[in-house]
Amino acid sequence: MTLVSPDFQTHSARPDPAQTAQRWPPLTQSYAALGSDFSLPVAVTPLPDPVLVASSAEAAALVGLEPPRNAGEEHDWALAFGGHIEAIRGNSRATVYAGHQFGNWAGQLGDGRALLLGDWSDCRSEQRSDSIPSWEVQFKGSGLTPFSRMGDGWAVLRSSIREFLCSEAMAALGVPTTRALCLVGSSRPVRRERMETAAMLTRLSPSFVRFGHFEHFSYSGQTAQLRQLTDWIIARHCPQCAAAPQPALALLQWVVARTAALIAHWQSVGFVHGVMNTDNMSILGWTIDYGPFAFLDAYNPLHTPNTTDRGGRYAYGRQPAVAHWNLLALGQALLPLIDKPEHALEAVDAFRPQYVRAMQQQLAAKLGLEQPQPGDGDLFQELLDAMESNRSDWTRTFRLLSQLAANPQTEIPAGLATQFRHNPSRFTDWVAHYRARLRTEPRDDSARAKAMDAVNPAMVLRHHLAQAAIARAEEGDFAEVRQLLAALRHPFDAQTLPAHYTEPPADDAPPACLSCSS
């Protein structure tokens with residue numbers, strides 16, 4: 001079945017409306033080689049009056065770009081990544097996928113406002129185990145596509161700032177994530193709950209393929225295309241799976257393991273994705289699509305920042321179960337390529353023990369324990385229960401725990417005690433248990449504190465920090481976006497961070513509550 005494009009803009013040769021001094025590396029379009037069943041050529045709709053809101057030097061280095069250093073270079077970037085330069089936009093394509101949304105089959109979806117521009121080579125100089133052949137480059141907010149459905153194809157400045165900042169914040173935290181190269185604002189009006197202005201985000205990822213890509217071809221009976229996509233992903237990202245007796249099963253096992261590690265990392269830093277639909281799950285086990293996300297302030301495992309999620313399906317504490325559900329949907333989609341359904345089920349059911357092990361490792365590191373030991377599960381759960389009953393701040397509590405001495409005769413640091421002021425006895429009971437466990441550890445207080453501070457961030461992208469940057473940006477002042485980005489690059493280095501970036505919101509501040517509109 002070949003996709004048929006409605007009356008959308010297609011590519012035609014035309015001169016650039018503006019020329020820049022910047023020379024952009026050539027983009028290749030590897031995904032297009034899969035054929036018209038997988039994507040369609042759709043022209044980028046350029047933003048009027050483009051202005052560079054911010055760029056990430058770290059993301060630029062991944063693809064060999066020098067970040068803009070002056071007003072002229074910022075103008076060049078605004079033109080290029082606002083959709084005005086043919087060398088960047090010339091081969092853009094929209095991909096088709098499907099998905100389950102809030103547990104319900106949504107049918108065919110696709111890139112409704114995102115366009116795949118092509119690939120740039122990986123330019124990291126260091127040797128790494130996670131070999132990346134290239135980085136796919138994508139515009140988000142670049143106009144209508146055949147898959148826009150009822151949408152207008154635009155992204156707004158508000159939500160684009162949140163995704164830009166969080167992509168780079170998560171990378172600095174060590175969480176696998178798509179990257180944000182730059183963000184371009186515009187004068188174009190866009191209506192959401194109110195009138196806003198458009199923005200275009202340039203994203204990088206080794207692949208933007210989602211669970212939903214596989215669901216689309218499987219559930220529409222396109223088995224040949226399902227096999228073609230599976231073979232393509234294996235060849236590019238997990239070639240070791242090709243030698244397995246059942247490559248599709250090996251791919252599923254690979255995705256399960258990477259997703260288990262990802263969700264444990266999310267839980268460790270208190271990240272709530274907010275909309276874990278199967279079309280928002282990366283086949284790489286990376287974080288993708290920052291919509292109504294949040295980082296926990298006061299610990300509440302039932303918190304969801306998504307106003308649409310009235311039943312709390314995607315609440316913080318339910319993310320591991322939802323990930324398992326989504327992997328079952330992926331396993332179901334791959335069944336035409338797997339000899340027995342029970343093999344797929346066994347592969348997916350390996351998620352739970354893998355996630356538990358990964359989460360135990362994360363929590364052990366956060367508590368300064370070299371390796372989890374039998375009985376540590378109770379220690380971890382007792383702390384979480386004490387935090388929940390006290391509404392302790394997630395990030396601040398774990399950061400302050402490094403100041404707690406193992407000696408039972410020493411006082412609990414005042415700042416740490418404040419996090420448990422509502423029900424202090426529950427915490428002091430836990431401290432006794434924790435100190436007994438520390439006496440079995442080889443590291444002294446100083447070495448343990450250093451290790452804990454290396455994994456427990458002093459700051460995360462809290463909702464109130466993002467909102468402050470957005471408020472100024474909507475007035476045309478991008479300084480706070482850039483300053484916040486600079487701080488988020490060093491989340492563990494409390495000594496260099498402005499003090500207000502490490503503080504939780506005021507006690508009476510409402511928790512993050514966001515719509516999916518963007």
Side-chain angles (χ1 to χ4, degrees), residues 1-3 5 29-42 92-101 104-119 133-138 140 145-149 176 178 203-238 241 247-256 258-259 262 275-289 323 325-338 344 348:
M1 181 176 73
T2 301
L3 296 172
S5 175
Q29 189 43 285
S30 59
Y31 196 81
L34 287 170
S36 59
D37 289 341
F38 297 83
S39 66
L40 291 170
V42 179
S92 52
R93 303 184 72 87
T95 77
V96 62
Y97 50 83
H100 284 86
Q101 299 186 333
N104 300 308
W105 177 239
Q108 180 183 300
L109 304 168
D111 292 327
R113 57 180 171 175
L115 291 176
L116 182 63
L117 307 177
D119 308 71
S134 60
W135 293 85
E136 290 184 348
V137 186
Q138 188 183 76
K140 183 175 180 179
T145 81
F147 313 114
S148 295
R149 299 191 293 171
T178 58
R203 307 195 293 189
L204 306 175
S205 179
S207 176
F208 285 100
V209 170
R210 306 142 185 274
F211 290 12
H213 282 86
F214 294 84
E215 290 182 291
H216 170 71
F217 293 110
S218 181
Y219 301 158
S220 60
Q222 299 181 74
T223 304
Q225 290 88 338
L226 175 66
R227 186 179 300 279
Q228 186 181 358
L229 178 62
T230 300
D231 291 345
W232 189 80
I233 287 292
I234 287 173
R236 286 177 66 85
H237 301 291
C238 52
C241 294
L249 178 61
L251 172 64
L252 179 60
Q253 293 166 334
W254 183 80
V255 177
V256 167
R258 291 170 70 95
T259 303
L262 174 70
V275 60
M276 288 176 64
N277 299 327
T278 58
D279 55 295
N280 292 335
M281 297 290 290
S282 163
I283 200 67
L284 302 180
W286 283 33
T287 317
I288 191 172
D289 289 343
W325 194 98
N326 289 343
L327 287 164
L328 284 170
L330 176 63
Q332 177 76 26
L334 288 171
L335 283 182
L337 309 182
I338 296 173
V348 174

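Evaluated for a side chain to side chain contact (heavy atoms under 4.5 Å, CB included) with S207, the options T178, I288, D119, I233 yield exactly one hit, I233.
Here the CD-CZ distance, from Q108 to R149, works out to 9.5 Å after rounding to the nearest 0.5 Å. Atom-to-atom distance recorded for R93:CZ and S36:OG is 8.0 Å, nearest 0.5 angstrom. Atom SG of C238 is separated from atom CH2 of W254 by 4.5 Å, given to the nearest 0.5 angstrom. The line from CG of L327 to CD of Q253 is 12.0 Å long, rounded to the nearest 0.5 Å. To the nearest 0.5 angstrom, F208 atom CZ is 9.0 Å from S282 atom OG.
Nearest heavy-atom pair across P176 and L262 is O-CD1, 3.7 Å. Closest approach of I283 to V255, counting heavy atoms only: O-CG2, 3.4 Å. Closest approach of A323 and T259 over heavy atoms only: CB-CG2, 4.2 Å. Minimum heavy-atom separation, L117 to S92: CD2-CB, 3.8 Å. Between A344 and G331, the shortest heavy-atom contact is CB-O, 4.3 Å. In terms of heavy-atom proximity, A333 sits nearest to L226 at O-CD2, 3.3 Å.
Here the side chain of N280 pairs a donor or acceptor atom with the backbone of V275 at under 3.5 angstrom. Checking side-chain atoms of S220 against main-chain N and O of H216 turns up a donor-acceptor pair under 3.5 Å. For E136 (side chain) and L116 (main-chain N/O), no donor-acceptor pair under 3.5 Å exists by modelled atom type. Side-chain N or O atoms of S218 include none that pairs as donor or acceptor with a backbone N or O of E215 at under 3.5 Å.
Within the 4.5 Å cutoff, the side chain of V209 has heavy atoms near those of the Y31 side chain. Between P146 and V42, some side-chain heavy-atom pair lies under the 4.5 Å cut-off. Contact of the R236 side chain with the S134 side chain is registered, since non-hydrogen atoms from C-beta on lie closer than 4.5 Å.
Residues meeting the side-chain contact (heavy atoms from CB on, under 4.5 Å) test with A224, sequence neighbours left out: none. Among residues two or more places apart in sequence or in another chain, the side-chain contact (heavy atoms from CB on, under 4.5 Å) test is passed with A248 by T230, L337, I338. In terms of the side-chain contact (heavy atoms from CB on, under 4.5 Å) criterion, residue partners of P206 (sequence neighbours excluded) are, by chain and number, I132, W135, H237, L284, W286. With sequence neighbours excluded, the residues that form a ring pair (Phe, Tyr, Trp, His ring centres under 6.0 Å) with F217 are F38. With sequence neighbours excluded, the residues that form a side-chain contact (heavy atoms from CB on, under 4.5 Å) with Q332 are Y219, L335. Every residue two or more places apart in sequence or in another chain that forms a salt bridge (charged side-chain N to carboxylate O under 4.0 Å, His left out) with R203 is listed here: E163, D289.
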Worksheet item: After noting the C-alpha distance and the side-chain angles of L330 and L252, does the key distance pass the side-chain contact (heavy atoms from CB on, under 4.5 Å) rule?
Response: CA-CA 8 Å; L330 176 63; L252 179 60; 4.0 Å; yes
Practice prompt. With side-chain contact (heavy atoms from CB on, under 4.5 Å) as the test, would you mind laying out the steps for H100 and N326 before giving the verdict?
Written response: CA-CA 8 Å; H100 284 86; N326 289 343; 5.6 Å; no
Practice prompt. Could you go through the side-chain contact (heavy atoms from CB on, under 4.5 Å) check for L204 and V137 one step at a time?
Written response: CA-CA 5 Å; L204 306 175; V137 186; 3.9 Å; yes
Item to complete: Would you please test V348 and W325 for side-chain contact (heavy atoms from CB on, under 4.5 Å) and show each step?
Response: CA-CA 9 Å; V348 174; W325 194 98; over 6 Å; no
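For the 3.5 Å distance criterion, the side chains of D111 and T95 qualify, holding a donor opposite an acceptor.
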